[in-house]
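These values consider heavy atoms only, across backbone and side chains, with no hydrogens, waters or symmetry-generated copies. Every chain is numbered from 1, with letters handed out A, B, ... down the list of sequences.
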Amino acid sequence: MAGTNAPSRKELRRLAAELGLERAAADHFDDLRRAFESSRGMVAGLGRDLAPAEEPAHRFAAGKGEGGR
Amino acid sequence: MTDLAFVTLAEAGRLIRRKKLSPVEYTKALLARIERLDPRINAFLRLVPKTALAEARAAEGEIARGGWRGPLHGIPYGLKDIIDRKGLPTTAHSKILAESRARADATVAHKLRLAGGVFMGKTATHEFAIGGPCFDLPWPPARNPWNRNHHPGGSSSGSGAALAAGLLPAALGTDTGGSVRNPASMCALVGMKPTYGRVSRAGVIPLSFTLDHVGPMTRTVEDNAILLGVIAGHDPADPTSVRRPVADFAARIGKGVKGLRIGVIRHFYTRDMIADPEMGKAIEDALALLKGLGARIREVTLSPLGLYTSCNRVILASEGFAVHERWLKERPGDYASMTRRRLLPGAFLRASDYVQATRLRARLVHEFEAAMKDLDVLVTASSMEPPCRIDDPKAIEVTYPRQARAPFNVLGCPALTLPTGFSKAGLPLSMQIVGRAFDEATVYRVAHAYERATPWKTTHPGLD
């Protein structure tokens, strides 16, 4: 889901159904849509810095441009 | 004659100990004030006058027999209504739990009971400690005593409003992204988010397991230190509770700041977010005052505020959705709209988003610890502006994220908000003081030095 474009109304309803949120989608669709947009903003805010190799306890040698050191 | 509405907890405690103030008369005076003023403030969801008077009488009798328990004995207090008190509903200000009934005290409620405090009632909150000031719930939202058309901050809104209005001298709040410190900022109070693990959360409705804290709210720094001393300590019922000795937090607050090293995270409120000019100037004036008192001030640069905030939001939304998933699926219509919008984002976050946020969190903790190596405390903004109107949902949405409190939930370190004056419109201004993990004592020391040199704690809203 991360990085996807804004889904259509139909897609968001399908996604909500997969998550078991049919009632929220049926009765509070606008809240659901705003929540989806909000979640995308949250993830985007985490930034670019979490490269695969960049775990302090497990630093490993990856190729150039793959977060290796 | 002592003004019982605004007497400090510390002073009332001293008077009660010397039998110059009757806990019963004190409780009656506050109950009368609540009856007169709270219909305009909505600070309380549930008042328990019979219980309060019974506890006040018990305290008075025990003290008369020489059984003084400590500085909270005979002192009225309130609990945010996500904290269990045996036999009473813990509603979380929500339809969903309106019929609930607590089977036992939360650990913090039990500690206050053992300390001989006088329980006055449950205070309003934003729904489940995450919604905003909502008008589509069974109870109205609390209002700001400094101007009733304005928001008192949240989510510990009723605790904040009750303290500012002189309805209580002490209350507990909870803080996941700033919810003790926000009402402290908005209502000219002192609010402490202690170190993670310092105060038990057992018996408190969770919002985000790794970000939730219980904290003391008062009108003065000394009162806050006293109240933290009562509620702090290891609790086997909370697996995140830490086994560390509880200091007398009030013992060293009068030592002043001469020689203390204070870092300023100025970029949080001048670059990452631009604070309202009056808020920013009040912080700069406070720093100049602390420098004049002998503190050494230098600027500190951390990661941008937005990175800390995003880390907090992803963790909070993920963990909050896990708490509320069943109700959001089965009873979404029983939440206020604003609460639904704040809880539902967690449905759309992936496990990897959560893990990335926790990885980022570890890095931010490392960054903070490095910055604190040669510093005693940090100073930064709490809120970026004074409280907005309570009936303006757009302003509420805009100002909700404009704060610098969430970083310290991510970091788990102690952070305290205190008043720095008032805007031209008469609304509270504030700043935040942050310490090393488990060093609440130094935070209180700096806050007390500032408070002692300024007149803000003796300024109260005109409600009578």
ask   = Does the side chain of B:Phe348 come within less than 4.5 Å of A:Leu15's, by heavy atoms?
value = yes
request  = Between chain B and each of A:Ala24, A:Gly41, A:Ala16, count heavy-atom pairs under 4.5 Å; write down the option with the most.
outcome  = A:Ala24
Greater than 12 external heavy atoms within 6.0 Å of B:Glu299's CD = yes
Give me the atom names and distance for the closest heavy-atom approach of [X] to [Y].
X: B:Lys329; Y: A:Leu19; value: CE-O, 3.0 Å
X: A:Ser38; Y: B:Arg313; value: OG-NH2, 3.4 Å
X: B:Leu307; Y: A:Gly45; value: CD1-O, 3.5 Å
X: B:Leu328; Y: A:Leu21; value: O-CD2, 4.0 Å

message = With chain A as the partner, which of B:Cys311, B:Gly306, B:Ser352, B:Gly333 has the greatest number of non-hydrogen pairs under 4.5 Å?
response =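 Ranked by contacts with chain A, first place is B:Gly333.
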Which atoms of B:Ala317 approach chain A - backbone, side chain, both or neither, heavy atom under 4.5 Å = side chain
key: CE on A:Met42 to CG on B:Asn312, rounded to 0.5 Å   = 9.5 Å
query = Can you tell me how far the CZ atom of A:Arg34 sits from the CE atom of B:Met338, to the nearest 0.5 Å?
reply = 9.0 Å
inquiry  = For A:Arg23, which atoms come within 4.5 Å of any heavy atom of chain B: side chain, backbone, both, or neither?
reply    =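 Both the backbone and the side chain of A:Arg23 come within 4.5 Å of chain B.
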